[in-house]
Amino acid sequence: MLPKIPLVAISVLLVAQMSLPVFANNLTATVVSVGDGDTIRVRTGNKTVTVRLACIDAPEMKQNPWGQQSAKRLKQLLPVGQGITLRAIETDKYKRLVAEVFVGNRSINVSMVQEGQAVVYRQYLKGCPQSKDSLLQGENSAKQQRLAFWNQANPVMPWDFRHKAALRATSQAIQPQQQNNCDPSYPDFCLTKNSPDLNCRDISQRRFKVLPPDPHGFDRDGDGIGCER
């Protein structure tokens, strides 16, 4: 069951959304399906398109129960057949349309953040300059009220959850016969022993576990995590 939204949150929601601008020359579309808390499929013109809600990140479906709750709430906000307006921003590397989604003047992206069903994706926040303040204020309010995703002791951000899952998959992919040739200082991935001296810019991994002696000096601050930036 989804938590009830306090009246104070509803008031903040309405005030923020009434001030959102109506954009010209946008795409009109119809909702076909909802994937998770930040991805939908829509019909626009004669095309069916996958849309990634811009500037927000919903919990992963494997982040029980937050991912399921987020997807359920987005389905309530965007039922199949709902007419929407898309403010298109870009096409991402997965060929999804990244966009703000509006029902009337109401930003669904902002609503999901204000209700604690998604978090602000600060890395991409520059793509939503008109909604930036509403997103940040909505997240702060949701945190203070411990709504949905924020109603847990140590929330793991969706991007961190994905990163850790990727590291686990990489680690599991290392074949036993290769392990003897992997540097034990970096257990999350296989870096060949006695490799030439490397810097973080020379490898694709980030935020991985580092054990002494750390021959490449990836863990500059000595906290056991390498290449944090």
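Note that the structure is a prediction, hence the values are computed from the model and not measured.
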What pair of heavy atoms forms the shortest contact from Gly226 to Val210, and how long is it? N-CG2, 3.5 Å
Output the distance between atom CD (Glu115) and atom CD (Gln76), rounded to the nearest 0.5 Å. 8.5 Å
Measure the shortest side-chain to side-chain distance between Leu135 and Leu125 over non-hydrogen atoms and say whether it is less than 4.5 angstrom. yes
Between Arg220 (side chain only) and Gly217 (backbone N and O only), is there a donor and an acceptor less than 3.5 Å apart? yes
Does Asn151 reach the main-chain N or O of Ala148 with its side chain, forming a donor-acceptor pair under 3.5 Å? no
Within a radius of less than 6.0 Å around CG of Asn194, do more than 12 heavy atoms belonging to other residues, nucleotides or ligands occur? no
Between Gly127 and Cys55, the two heavy atoms sitting closest are C-SG, 3.9 Å
Any link between Met61 and Val34 through a network of hydrophobic side chains (Ile, Leu, Val, Met, Phe, Trp, Tyr) touching at under 4.5 Å? no
Should Arg41 and Thr48 be marked as a side-chain hydrogen bond (donor to acceptor under 3.5 Å, both in side chains) after you check the CA-CA gap, both sets of side-chain angles, and the distance that decides it? CA-CA 7 Å; Arg41 292 276 287 172; Thr48 301; 5.1 Å; no
Check the pair Thr50 / Lys95 against side-chain contact (heavy atoms from CB on, under 4.5 Å), numbers first and verdict last. CA-CA 8 Å; Thr50 299; Lys95 298 183 179 181; over 6 Å; no
So if you build clusters from Ile, Leu, Val, Met, Phe, Trp, Tyr with side-chain heavy-atom gaps below 4.5 Å, do Trp66 and Trp150 land together? yes
Do you reckon Ile56 sits in the same ILVMFWY cluster as Val120, going by side-chain contacts under 4.5 Å, direct or chained? yes
Quick check on the hydrophobic clustering: are Leu27 and Val49 connected, directly or via other members, by side-chain heavy-atom contacts under 4.5 Å? yes
Quick check: is Leu74 connected to Val113 through a chain of hydrophobic side chains (ILVMFWY, heavy atoms under 4.5 Å apart)? yes
Pairwise side-chain contact, Gln130 with Arg87, heavy-atom cut-off 4.5 Å (strictly under): yes
Could you state the interatomic distance from CG (Leu77) to NZ (Lys75), rounded to the nearest 0.5 Å? 13.0 Å
Nearest 0.5 Å please: distance from the CG atom of Asp219 over to the CD1 atom of Ile225. 7.5 Å
For Gln145 and Ser141, the nearest pair of non-hydrogen atoms, with its separation, is NE2-OG, 2.8 Å
Taking the basic N atoms (NZ, or NE/NH1/NH2) and the acidic carboxylate oxygens, is any pair closer than 4.0 Å for Glu228 and Arg206? no
As a test of understanding, state which of Arg122, Gln114, Gln144 forms a side chain to side chain donor-acceptor pair (under 3.5 Å) with Glu139. Arg122
Donor-acceptor under 3.5 Å (Ser195 side chain, Thr192 main chain): yes
Verify side-chain contact (heavy atoms from CB on, under 4.5 Å) between Thr91 and Val98, making sure each step is shown before the conclusion. CA-CA 6 Å; Thr91 301; Val98 180; over 6 Å; no
Heavy-atom closest contact (Leu97 atom, Ala88 atom, distance): CD1-CB, 3.8 Å
Under a 4.5 Å cut-off applied to non-hydrogen side-chain atoms, are Met157 and Pro155 in contact? yes
Ignoring hydrogens, what is the shortest heavy-atom contact between Ala99 and Leu86? Give both atom names and the distance. CB-CB, 4.3 Å
Is any side-chain heavy atom of Asp183 less than 4.5 Å from a side-chain heavy atom of Pro215? yes
CD1/Ile89 to SG/Cys128 distance, rounded to the nearest 0.5 angstrom? 4.0 Å
Determine, step by step, whether Arg106 and Ser111 satisfy the side-chain contact (heavy atoms from CB on, under 4.5 Å) criterion, reporting the C-alpha distance in whole Å, the side-chain angles of both residues, the deciding distance to 0.1 Å, and the verdict. CA-CA 8 Å; Arg106 181 185 188 186; Ser111 294; 3.1 Å; yes
Are the charged groups of Arg52 and Asp57 less than 4.0 angstrom apart, N to O? yes
Give, for atom NZ of Lys164 and atom NZ of Lys209, the distance between the pair rounded to the nearest 0.5 Å. 12.0 Å
Among Ile40, Asn26, Thr28, find the one that has a side chain to side chain contact (heavy atoms under 4.5 Å, CB included) with Ile84. Ile40
In the structure I gave you, are the side-chain heavy atoms of Asp38 and Met112 within less than 4.5 Å of one another anywhere? no
Return the orientation label for the Tyr121 and Trp159 ring planes: parallel under 30°, perpendicular over 60°, tilted otherwise. parallel
Using a 4.5 Å side-chain heavy-atom cut-off and chaining through intermediate ILVMFWY residues, the residues clustered with Val32 come out as none
Using modelled atom types and a 3.5 Å cut-off, is there a donor and acceptor pairing between side-chain atoms of Ser70 and backbone atoms of Gln117? yes
Is any side-chain heavy atom of Ile203 less than 4.5 Å from a side-chain heavy atom of Phe189? yes
Can you tell if the side chain of Ser185 reaches within under 4.5 Å of the side chain of Pro213, non-hydrogen atoms only? yes
How far does CD of Gln137 sit from OG of Ser131, to the nearest 0.5 angstrom? 11.5 Å
Heavy-atom side-chain contact between Gln69 and Phe149 under 4.5 Å: no
